[in-house]
2 protein chains.
Amino acid sequence: MATPRTDPLTLEVVELIGTVVARYYEEYDEAAAAHSLTGAQARVLGLLSLEPMPMRRIAQKLKCEPSNVTGIVDRLEARGLVERGPDPADRRVKLAAPTELGARTAHQLRDSLTFAREPLAGLSDEDRRMLRDLLRRMLGEPGPSAG
Amino acid sequence: MATPRTDPLTLEVVELIGTVVARYYEEYDEAAAAHSLTGAQARVLGLLSLEPMPMRRIAQKLKCEPSNVTGIVDRLEARGLVERGPDPADRRVKLAAPTELGARTAHQLRDSLTFAREPLAGLSDEDRRMLRDLLRRMLGEPGPSAG
DNA sequence: AACCAGTTACTTGACAATATGAAATATTTA
DNA sequence: TAAATATTTCATATTGTCAAGTAACTGGTT
């Protein structure tokens, strides 16, 4: 296990990633707050705006207990952003889906995530491609060349 | 406002960063849980292991209300990981510092953050330098060439 | 020096949101 | 029928905000 724990270059990259993570969360919560949503609520609403899904799957995506999702969806439903409907294939399951208002809110939320866009605007296309490839390799994703 | 919201390359990089963020938090919380610490507790302990500081400064670093820090440090103190001491220069201030056990725990925690190291191990030195420079520019940091 | 107003640091209390885990209900599956 | 699954409810802990309270510092005045 000769992992290079003290390699200064690695440490610096780790710290930079930590900064990226912190700023990402900060901006995400700010954007959510601008719509009077908590971070968790915004995340669930964003998930559902891509695709309605059962409560259990939300819990899996969020990596939390299903009982926790009940409360979050309750609050979103109370605000008219999400609706619970039956699953025709399984009467135990409840499918959560955004209302029209919820879909609009999710769209606005996505638009207001400036962090993603603005700093990247400072990079050239070439830079962005490079960054994409490095992140892909870091995450162990195959990338299109392997597909 | 001609922000390129739909530029596919930008969107992909944004999504990759989102994945990095998610994995970072996941591993951080796992590492913390392995020491029976919550994420917030681990973050505060990590902060203090770099440098003891007043309660207020912890709140600033965490971007939360000082009253919140009181509870987190209370719990860390109850477990013998952190101690509150007086600030000789200002008797209103309480300096939080890790105990020896706390310092050891923080060190182990840092060591178990494999996400930081392992994926980076898949990158060459050249790659890491490139990633560092791109992240730096993305974050609007000057970098050493400007220092 | 003493005093007083305003500010600052921290804590406490009330409350909401998030999170877990155990137990209950309804439904599906074998 | 028995076991497993999806969801909810309840008890409880943590995290977070805000308002109020206490202690201590600061600056300006005598």
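Letters go in sequence order (proteins before strands), and every chain restarts at 1.
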- Which part of the nucleic acid, if any, lies within contact of A:Arg57, taking any heavy atom under 4.0 Å across all strands shown: a base, the sugar-phosphate backbone alone, or nothing? nothing
- Please name all residues satisfying salt bridge (Lys or Arg N to Asp or Glu O under 4.0 Å) with B:Arg43, sequence neighbours left out, ordered by chain then number. none
- Heavy atom of residues 90-97 of chain A under 4.0 Å from DNA chain D: which residues? A:Arg92, A:Val93, A:Lys94
- Can you list, by residue number, the residues of residues 32-56 of chain B that have a non-hydrogen atom closer than 4.0 angstrom to DNA chain D? B:Thr38, B:Ala40, B:Gln41
Between [atom2] of [N] and [atom1] of [X], the distance in whole Å:
{"X": "A:Asp29", "N": "C:dA17", "atom1": "CG", "atom2": "P", "value": "15 Å"}
{"X": "A:Ile72", "N": "D:dG16", "atom1": "CD1", "atom2": "C1'", "value": "15 Å"}
{"X": "A:Glu30", "N": "D:dT17", "atom1": "CD", "atom2": "P", "value": "13 Å"}
{"X": "A:Arg84", "N": "D:dT7", "atom1": "CZ", "atom2": "C1'", "value": "9 Å"}
{"X": "A:Asp87", "N": "D:dA6", "atom1": "CG", "atom2": "P", "value": "11 Å"}
{"X": "A:Glu65", "N": "D:dA6", "atom1": "CD", "atom2": "C1'", "value": "13 Å"}
{"X": "A:Tyr25", "N": "C:dT18", "atom1": "OH", "atom2": "P", "value": "13 Å"}
{"X": "A:Leu76", "N": "C:dA17", "atom1": "CG", "atom2": "P", "value": "11 Å"}

- Query: Got more than 12 heavy atoms from elsewhere within 6.0 Å of CD, A:Gln108?
  - Reply: yes
The criterion is side chain to side chain contact (heavy atoms under 4.5 Å, CB included); which residues satisfy it with [X], sequence neighbours excluded?
{"X": "A:His107", "result": "A:Asp111"}
{"X": "A:Ser124", "result": "A:Glu126, A:Asp127"}
{"X": "B:Glu26", "result": "A:Lys63, B:Glu30"}
{"X": "B:Arg75", "result": "B:Gln41, B:Ile72"}

Enumerate all atom pairs, one protein N or O and one N or O from nucleotides 23-25 of chain C, separated by less than 3.5 Å.
none

[Y] reachable from [X] in the ILVMFWY side-chain graph, under 4.5 Å edges:
{"X": "B:Leu47", "Y": "A:Val21", "result": "no"}
{"X": "B:Tyr24", "Y": "B:Leu62", "result": "no"}
{"X": "B:Leu123", "Y": "A:Val20", "result": "yes"}
{"X": "B:Val44", "Y": "B:Tyr28", "result": "no"}

- Message: Are the side chains of B:Glu12 and A:Arg128 in contact, using a 4.5 Å heavy-atom criterion?
- Response: no
Protein-nucleotides 9-11 of chain D N/O pairs under 3.5 Å:
none

- Item | side-chain contact (heavy atoms from CB on, under 4.5 Å) assessment of A:Leu37 paired with A:Thr105 | CA-CA 10 Å; A:Leu37 291 170; A:Thr105 305; 4.2 Å; yes
Show every donor-acceptor pair shorter than 3.5 Å between a side-chain atom in residues 48-56 of chain A and any protein atom, with sequence neighbours excluded, or say none if there are none.
| from | atom 1 | to | atom 2 | distance (Å) |
| --- | --- | --- | --- | --- |
| A:Ser49 | OG | A:Gly46 | O | 2.8 |
| A:Glu51 | OE1 | A:Arg57 | NH2 | 3.3 |
| A:Glu51 | OE2 | A:Arg57 | NH2 | 3.3 |

What pairs of donor and acceptor atoms, side-chain ones from residues 84-101 of chain A against any protein atom, are under 3.5 angstrom apart with sequence neighbours left out?
| from | atom 1 | to | atom 2 | distance (Å) |
| --- | --- | --- | --- | --- |
| A:Arg84 | NE | A:Glu77 | OE1 | 3.0 |
| A:Arg84 | NH2 | A:Asp74 | OD1 | 2.1 |
| A:Arg84 | NH2 | A:Glu77 | OE1 | 3.3 |
| A:Asp87 | OD1 | A:Ala89 | N | 2.8 |
| A:Asp90 | OD1 | A:Arg92 | N | 2.9 |
| A:Asp90 | OD1 | A:Arg92 | NE | 3.1 |
| A:Asp90 | OD2 | A:Arg92 | NE | 3.4 |
| A:Asp90 | OD2 | A:Arg92 | NH2 | 2.8 |
| A:Thr99 | OG1 | A:Gly80 | O | 2.7 |
| A:Thr99 | OG1 | A:Leu81 | O | 3.3 |
| A:Thr99 | OG1 | A:Leu101 | N | 3.4 |
| A:Thr99 | OG1 | A:Gly102 | N | 3.0 |

